[in-house]
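Just so it is clear, the model here is predicted, and its values are computed rather than measured.
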Amino acid sequence: MLNSNMHRKMADSVVSALVEKLLRLLLEGGLQLLQLDDQFDKMKKELLYVKTWLEDAETMRRKDGRKILKLITQDLRELVYDAEDIIADCQIFFMKEKHNGSLPNFMNYLSPRLLQFRHKITKRLKVTNQEIDKVKERMRSYLAPTSPAPITSIGESSKSRPLSYPILMEEADIVGLTKQSKDVEKLILEADGSPIVIGIVGMGGIGKTTLAQKICKSNTIKHSFECIIFVTVSQHCELEYLLKRMLTKMNVGEECLKGKEVEDLLRTLRCKLEAEKYLVVLDDVWEINEKSWWNSLNSALPKRNGCCVIVTTRNEDVAKSMGAIDRHINRPRLLSDDDSWSLFSKIAFARDGGRCPNSDLESIGKEIVARCGGLPLAIRVVGGMMLGKGDSVHEWSRIAKHLKEEMEEKMIDEPLMLSLGLSYEELPPYLKPCLICFSMLPEDYSVEVDDIVHWWIGGRTDNLSGQLQSVKMHDIVRDMIIKIARDENFTQLDERDRPELTVQSRRMGMFNTGIIKSIEKTDLKKSTIESKLRTLWALNIGKDDVLSKNMELCKLKRLRVLSISFYKDLKDEEAMKDWLDGIASLLHLVYLKIEDCGLKALPDSVGNLHNLQILCLYKWYNLKMLPPTITELDKLTSLDIYCCDLLECMPDGIERLSRLERLTGFCPKISSHKNTSRILHLKNLGQLRELSIHLKNPENLVEGELNVLSELQHLRLLAIYFNYDNKADAAALVSEVNHQLSPLQNVEELNLGVYPGESTPIWLNGTTFPNLRFLGLSSGSIKRIDSWFWQPKPGDRVRQIEKLSLYGVPIEEYPLSLNFVRSILWY
């Protein structure tokens, strides 16, 4: 657990970030129409006080009253949320008047609607400001005076240098594991009898999972086993879920697993492994009891010679109870001083190629590394934190001094918890809530990076192939995040650290894995959800969920984020439609993602969501048309349409979405459709950074239409997918694209899907794409990569792209040299 001193210094990050946001809103124009300047000014001053007090709370000493500090912060949190609701309601009210076309008349201060609304807002503002005054009185009564930080205006607070490098490493960069991986490989390869169990045992953060992953990636191991399965077991193991994940990794489709009982799954697993030499890695095993999942799983593992099970665990008794003899147990060691510094340098000095830029930083850095006690996870975390500090000797000295003081104050050695807590403290306020949102996820859940960015509307939407696609949180880091989430009431968690809905819930995760329980099992008053819930992330919801009174969207009026996927067996279209019609009430909604929906159309009421910035529709297998109202979403920055193969076209007026930065799944007009958009209409989308186009018919294109793409000056990622009915259409599409595509100076990533030609297209060259960094080829008929793209003209620089990804393409012939590619990924 985290030490109390550390938590004393972690002031409520959610409140801090929210206060910053509200102050900006109050400084913007528009609210003066309510003629409530005095009340809004009072709120602004009170929020500035709250902001300053929270900053000062970071340095409060324990004697000032840690428990009362927590209670006061809880009160402040509720009041800040109330303030946000008031401002948001004002914005929504003005927005509705604007879109109803009545704003000019409404601006008359004698308008009955304005007078009525102003009266309601006045009462709410007075109550909130009075409650803030009461909290201030409690502060004066119960907390010792401190030297307050000066009240600063927005924009004057210190800014941290943003982190732009992931704290993850390629296999070649793993430090200190070479000998240990060789030792384990030797044990595996020497086994010639019945399957053996090998244990990798050690404390949390010492590198057990990293070692197991390195072993599985070894060429020797990969060539020795027909089947390698790596699954995470975690603290609360559900055998059914574990078996389904194992079978999925063996390419057993989800459809084949539906409705199967555990006994059926065990038989299927045994049947699949019967004819193959297998290596199974069970990562992060916590406990084994008499009626354990392991006994059942072990019974389904064929007893073939040379097969192996690797188990990683913190408890050596667990490994032995699973059959690992002492000779087959590997105990990763703490890193040496040299290996510790090498690992730290690769991360902290990533901008300098892993080399320390000067002797001053090296001296301070080695002092910091020494505090990590040779624990790899602690070194990685601290290294990532120092990467964000740049070359500032002052900042490095401050961190080193802080670590020393913390160690001396506790008088015990907890390098991992210390490094994790400090890395959280050092995050800028706006990033702390982003990290805490992971508390809503199940243990060992892998989440898409795009989803995380979109939840928090984090600036640019690009996700070039060189960046992470998905992430999973280390269980020790998750423990820390859950502790913080509890302290800050970010989301409510039960005794097994699973999100649950309570009176104070503002964020809720619902999963069907048995890890997070359903909202339906929670007995709540109707008003509870209506007034509180702001984020709902629900995966695989079924008919009972959509019919639940607690889940009616029309009641969740405070929602900002809604991400849902329907259970694949849910065929009740009427129930889904009735439930989704409720989105008309979600006027605060900023992010909307809907997956696995069987409806043929998105409700027209989506046009009411004028605050919506991100809309994602994924796997709508029956979707044919988007409603025309979608073009009224004037704040939309990202429109993602994935795996909606029946979608025939886009509604007319797509060019009105002038803020779009990302548009995926765009289907150009076919002549048989009226009032739909063409590619040429995209020329008005001047902010577009990502674009994917689906070409289904030669009629998708008219003469010169693709030239529009060269006018999109911010375009960085382009994807073109071909979806043709016959060879004649395929040939016509290739001919049109070859003829029309003009140079795209700024495109850095190109993805080409289901391309019907046997060789790469003639426009795939250095003239059309002079700044290409990533190239992806998926499916299709490409057998040959022609060389003209990579051969520079006399006097030109030698071209090199960073990554070539090949997925399901029957490549038979490469250029004579592959020096133009730094790395190739072949799936």
side-chain hydrogen bond (donor to acceptor under 3.5 Å, both in side chains) partners for [X], two or more places apart:
X: Arg656; result: Thr631
X: Tyr642; result: Arg662
X: Lys619; result: none
X: Glu705; result: Arg678

Contacts of type salt bridge (charged side-chain N to carboxylate O under 4.0 Å, His left out), residue [X], not counting sequence neighbours:
X: Lys179; value: Asp183
X: Lys277; value: none
X: Asp596; value: Lys568
X: Glu274; value: Arg270

Where the side chain of [X] meets the backbone of [Y], is there a donor-acceptor pair that is under 3.5 Å apart?
X: Thr768; Y: Asn765; result: no
X: Asn622; Y: Gly598; result: yes
X: Gln740; Y: Leu706; result: yes
X: Thr248; Y: Lys244; result: yes
X: Arg351; Y: Leu387; result: yes
X: Lys696; Y: Leu647; result: yes
X: Asn746; Y: His714; result: no
X: Ser710; Y: Pro743; result: no
X: Thr312; Y: Asp284; result: yes
X: Tyr278; Y: Pro302; result: yes

Under 4.5 Å between any side-chain heavy atoms of [X] and [Y], yes or no?
X: Pro770; Y: Gln745; value: yes
X: Leu282; Y: Val231; value: yes
X: Ile630; Y: Leu615; value: yes
X: Met650; Y: Leu663; value: yes
X: Leu636; Y: Leu612; value: yes
X: Lys222; Y: Asn219; value: yes
X: Arg380; Y: Leu343; value: yes
X: Ser181; Y: Leu211; value: yes

Cys649 and Met625: side chain to side chain contact (heavy atoms under 4.5 Å, CB included), yes or no, with the steps? CA-CA 7 Å; Cys649 55; Met625 295 287 291; 3.5 Å; yes

Before accepting this row, confirm whether a basic side-chain N of the pair Glu748/Arg773 lies closer than 4.0 Å to the acidic partner's carboxylate O.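 Yes.
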
Test side chain to side chain contact (heavy atoms under 4.5 Å, CB included) applied to Ile310 and Phe230, step by step: CA-CA 9 Å; Ile310 296 177; Phe230 193 112; over 6 Å; no

Straight-line distance of [X] [atom1] to [Y] [atom2], nearest 0.5 Å:
X: Ser692; Y: Leu717; atom1: OG; atom2: CG; value: 8.5 Å
X: Thr220; Y: Lys182; atom1: OG1; atom2: NZ; value: 6.0 Å
X: Gln687; Y: Leu712; atom1: CD; atom2: CG; value: 10.5 Å
X: His681; Y: Asp652; atom1: NE2; atom2: CG; value: 6.0 Å
X: Phe722; Y: Ser779; atom1: CZ; atom2: OG; value: 13.0 Å
X: Ile654; Y: Leu660; atom1: CD1; atom2: CG; value: 6.5 Å

State, to 0.1 Å, how close [X] and [Y] come at their nearest heavy-atom pair, and which atoms those are.
X: Leu633; Y: Leu657; result: O-CD2, 3.3 Å
X: Cys643; Y: Tyr618; result: SG-CE1, 3.7 Å
X: Met250; Y: Leu269; result: SD-CD1, 3.8 Å
X: Gly383; Y: Ile347; result: C-CG2, 3.5 Å
X: Trp620; Y: Glu595; result: NE1-N, 4.4 Å
X: Gly653; Y: Ser677; result: N-OG, 3.5 Å

Going by the rule side chain to side chain contact (heavy atoms under 4.5 Å, CB included), which residues pair with Ser658 if we only count those two or more places apart in sequence or in a different chain?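 Residues passing side chain to side chain contact (heavy atoms under 4.5 Å, CB included) with Ser658: none at all.
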
I'd like to check the side chain to side chain contact (heavy atoms under 4.5 Å, CB included) partners of Val734; sequence neighbours left out, ordered by chain and number. Asn738, Tyr755, Pro756

State whether a side-chain donor-acceptor pair under 3.5 Å links Asp283 with Thr209.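 Side-chain D/A pair, Asp283 to Thr209: present.
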
What residues form a ring pair (Phe, Tyr, Trp, His ring centres under 6.0 Å) with Tyr721, not counting sequence neighbours?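 Per chain and number, Tyr721 pairs via ring pair (Phe, Tyr, Trp, His ring centres under 6.0 Å) with His694.
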
Using the ring pair (Phe, Tyr, Trp, His ring centres under 6.0 Å) criterion, which residues pair with Tyr724? Sequence neighbours excluded. none

Let's go through Leu764 and Leu750 carefully: what are the C-alpha distance in whole Å and the side-chain angles of both, what is the deciding distance for side chain to side chain contact (heavy atoms under 4.5 Å, CB included) to 0.1 Å, and is it a yes or a no? CA-CA 9 Å; Leu764 186 52; Leu750 173 68; 3.6 Å; yes

Assess whether side chain to side chain donor-acceptor pair (under 3.5 Å) is satisfied between Ser342 and Asp339, documenting all intermediate values. CA-CA 5 Å; Ser342 177; Asp339 284 342; 5.6 Å; no

Residue of the set Val252, Ile229, Leu242 for which side-chain contact (heavy atoms from CB on, under 4.5 Å) holds with Leu247: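 The residue from Val252, Ile229, Leu242 that satisfies side-chain contact (heavy atoms from CB on, under 4.5 Å) with Leu247 turns out to be Val252.
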
Please determine whether side chain to side chain contact (heavy atoms under 4.5 Å, CB included) holds for the pair Met473 and Leu435, giving the CA-CA distance in whole Å, both sets of side-chain angles, and the decisive distance to 0.1 Å. CA-CA 10 Å; Met473 180 165 283; Leu435 185 62; 3.8 Å; yes

